[in-house]
Amino acid sequence: MKKIGFIGMGNMAKAMAMGFIATGKVAADHMYAYAPNQEKLAKNAEEVGFQPCSDVEELVKASDVVVMACKPYQIEGVLGKVGSLLAGKVLLSVAIGWDFETYAKHVDPSTRVQYILPNTPCQVGEGVFLVEKENSLNDEEKAWLQELLSACGTVVELPGHLIGPGSGVSGCGPAFVSMMMEAMADAAVKHGIPRGEAYKMVAQMVVGTGKLMLKTGQHPGVMKDAVCSPGGTTIRGVIALEHAGMRAAFMDAVDAASGK
């Protein structure tokens, strides 16, 4: 079993760590993490189960696979400290903008690099992992990574130039959908449904709709039509959403998130 080390332990790294441990693909005592805020790191270590490291050099030396999960502006400084120690190791980057081509300018050629962008639902085994097609992993490492990530969700391979727009959908999407869920629950509360029940209804509705689409392969428009009876309540709601510009708002959100 490979030893994995996280440089940075923010929300995304924490979600990944929890997902990897929950699936049994990585043992807690084979997972390490370093973050400058040692007090917060210790609390996360107690909650998640990984081994906290006091400095980044210690983490890299202990790990077979290093996950670069710090802020993008911090990466050059980190590589200045541990770049040579990454030689011969696998480096997974989850930092926006730090793709395979960018790392190739900063690390030893023997460092095998893979750019991935996960989303927070990977914590519960329902994530989406965007994997950049361009990478330097060998066949064994690719197979290992596919097995690891697919245990926590769906893996989608994209060329580097499409990772940004893809992240606008899968990476930022949980925030957009959460806003929709909150709004729908607020509407339910307005009509007298207790908030706890409203959130439960909305969450299961989203889960169920997604699973139905994945299982049947139906176009979302077909799924929408199946609920819209002539002159019925749903079609009136659909018209209200169209008047409010719901489709354009979601499209604009993805464009904004992907920098387009």
Side-chain angles (χ1 to χ4, degrees), residues 11-12 15-16 18-19 22-23 116-133 146-159 161-260:
N11 292 334
M12 189 63 73
M16 292 174 67
M18 294 178 75
T23 62
I116 62 175
L117 285 179
N119 66 0
T120 50
C122 68
Q123 177 179 330
V124 293
E126 297 291 349
V128 177
F129 294 90
L130 305 183
V131 176
E132 185 182 24
K133 187 175 182 179
Q146 175 72 27
E147 181 180 356
L148 175 68
L149 300 184
S150 60
C152 296
T154 298
V155 180
V156 178
E157 185 180 78
L158 292 174
H161 71 281
L162 292 180
I163 292 288
S167 178
V169 175
S170 63
C172 304
F176 305 155
V177 172
S178 293
M179 292 173 68
M180 178 199 75
M181 292 166 67
E182 183 182 30
M184 292 186 72
D186 282 346
V189 171
K190 172 187 173 184
H191 289 283
I193 297 176
R195 185 164 293 279
E197 297 305 310
Y199 283 146
K200 186 185 300 184
M201 291 163 53
V202 173
Q204 183 57 48
M205 178 274 296
V206 171
V207 170
T209 303
K211 285 188 173 181
L212 180 63
M213 182 176 172
L214 289 172
K215 184 174 182 177
T216 64
Q218 288 184 321
H219 187 284
V222 172
M223 294 175 62
K224 179 263 296 178
D225 288 351
V227 189
C228 292
S229 301
T233 57
T234 306
I235 191 62
R236 292 201 293 270
V238 167
I239 296 302
L241 288 172
E242 294 287 10
H243 283 314
M246 187 265 308
R247 292 174 191 256
F250 273 100
M251 293 176 188
D252 288 346
V254 172
D255 285 349
S258 59
K260 302 298 181 180

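FYI, the numbering just counts along the sequence from 1. The basis for the numbers below is simple: all heavy atoms, side chains too, and nothing from hydrogens, waters or symmetry mates.
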Q: Go through Glu126 and Lys211 one step at a time and tell me if the side chain to side chain contact (heavy atoms under 4.5 Å, CB included) criterion holds.
A: CA-CA 10 Å; Glu126 297 291 349; Lys211 285 188 173 181; 4.3 Å; yes
Q.
Counting C-beta onward and ignoring hydrogens, is there a side-chain heavy-atom pair between Val238 and Cys228 closer than 4.5 Å?
A. yes
(Q) More than 12 heavy atoms of other residues, nucleotides or ligands under 6.0 Å from CE of Met179: yes or no? (A) no
Q. Should His219 and Val222 count as side-chain neighbours, where that means a heavy-atom distance under 4.5 Å?
A. yes
**Q.** Value rounded to 0.5 Å, distance of CE in Met18 from SG in Cys122
**A.** 10.0 Å
(Q) Are there over 12 heavy-atom neighbours, none belonging to Met184, within less than 6.0 Å of that residue's CE? (A) no
Q.
Do Ile116 and Leu130 have side chains that approach each other closer than 4.5 Å (heavy atoms only, starting at C-beta)?
A. no
(Q) Looking at Arg236 and Gly231, would you say the former's side chain and the latter's main chain have a donor-acceptor pair under 3.5 Å? (A) yes
**Q.** Heavy-atom side-chain proximity of Met213 to Pro220 below 4.5 angstrom
**A.** yes
(Q) Side chains of Val156 and Val131, heavy atoms from C-beta outward: is any pair under 4.5 Å? (A) no
Q) Roughly how far, to the nearest 0.5 Å, is the NZ atom of Lys224 from the OG1 atom of Thr209? A) 14.0 Å
Q. Taking all non-hydrogen atoms of both residues, which atom of Val189 and which atom of Ala198 are closest, and how far apart?
A. CG2-CB, 4.2 Å
Q: Kindly indicate whether the side chain of Ser167, heavy atoms from C-beta on, has any atom under 4.5 Å from the side chain of Ser258.
A: no
**Q.** Close side-chain approach of Lys215 to Leu212, heavy-atom, < 4.5 Å
**A.** no
Q | Shortest non-hydrogen separation from Cys172 to Gly168 and the atoms involved | A | CB-O, 3.6 Å
Q. Is the closest side-chain heavy-atom distance between Leu158 and Glu132 below 4.5 Å?
A. no
Q | Straight-line distance of Ile193 CD1 to Asp186 CG, nearest 0.5 Å | A | 12.0 Å
**Q.** Closest heavy-atom pair and its distance - Ser170, Val128
**A.** CB-CG1, 3.7 Å
Q.
Can you give me the closest heavy-atom contact between Ala187 and His191, atom names plus distance?
A. O-CD2, 3.1 Å
**Q.** Rounded distance (nearest 0.5 Å) linking atom CG of Leu241 with atom CZ of Phe250
**A.** 9.0 Å
Q. Which pair of heavy atoms, one from Pro174 and one from Asn119, lies closest together, and at what distance?
A. CG-ND2, 4.1 Å
**Q.** Reported NZ-to-CG distance for the pair Lys133 and Leu162, which is rounded to 0.5 angstrom
**A.** 10.5 Å
**Q.** Distance in Å, Met16 CE paired with Phe129 CZ, rounded so as to fall on 0.5 Å steps
**A.** 5.5 Å
Q.
Quick check on Met251: does its CE atom have over 12 non-hydrogen neighbours (other residues, nucleotides or ligands) under 6.0 Å away?
A. no
